[in-house]
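Side chains included, hydrogens not; waters and symmetry mates left out as well; all remaining heavy atoms used. The first residue in the sequence is number 1, and the count goes up from there.
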Amino acid sequence: MAAPSTISLPASRSSSRAGCSRAGALWVYAALLLGTLAWAVWEAGLDFWSLALRGDVLAPLGVWLLLPFIAGRLIPQMRTARWALGLVLIVAADVLAFSLARDRHDLAGTIADAGAVASSEAAPPIAGGDWTGYGGSGFTARYSALAR
């Protein structure tokens, strides 16, 4: 009868060590995610698609690690790792939302006046000249102006 109690004691110690190591893994993952976010903003700026490509696997995996059946098994003293990972995920979501709100590739300018529109009349192509398009013009005329 003494054997089961001695076997259960090391098992309880190893499970508490496993809880610490899991919490340590959350700290490492939070640092990895924060470092990746800083690198992505430094390299790509606040361009949404560039940031989305750099965090498309790490952020959803971080959310998965916060689910109750994963992070709920941590010992109570190490729940701060869960909060740290959650805070980093909130920062990542804020950066992504801010980058989505601004257009990095926006071109500021004005539209030309209506009087500056090109005419629809095709300039007759020069016979024997180089054809820049089908039919000798940019209007894809069916027949050329060449002599038959």
Connected via hydrophobic side-chain network under 4.5 Å: Val88 and Trp39: no

Distance, nearest 0.5 Å, that separates CH2 of Trp83 from CG of Leu66: 10.0 Å

Leu87 with Leu33, same ILVMFWY side-chain cluster at under 4.5 Å: no

Sidechain-backbone polar pair: Ser99 side chain, Leu96 backbone, donor-acceptor under 3.5 Å: yes

Single-linkage hydrophobic cluster, 4.5 Å side-chain cutoff, Val63 and Leu85 together: yes

Arg82: partners by side-chain hydrogen bond (donor to acceptor under 3.5 Å, both in side chains), with sequence neighbours left out: none

Gap separating the OG1 atom of Thr80 from the CG atom of Leu26, nearest 0.5 angstrom: 9.5 Å

Donor-acceptor under 3.5 Å (Tyr29 side chain, Leu58 main chain): yes

Spatial distance of atom CG (Asp94) from atom CG (Leu89) [nearest 0.5 Å]: 11.0 Å

Heavy atoms of other groups near Trp49 CH2, more than 12 under 6.0 Å: no

Leu65 CG to Leu61 CG distance, which is reported to the nearest 0.5 Å: 5.0 Å

Nearest non-hydrogen partners of Ala44 and Ser50, listed with the distance: CB-CB, 3.4 Å

Working for side-chain contact (heavy atoms from CB on, under 4.5 Å), residues Phe69 and Trp64: CA-CA 9 Å; Phe69 59 86; Trp64 182 76; 3.8 Å; yes

Nearest-0.5 Å distance that lies between atom CG in Leu53 and atom CG in Asp47: 9.0 Å

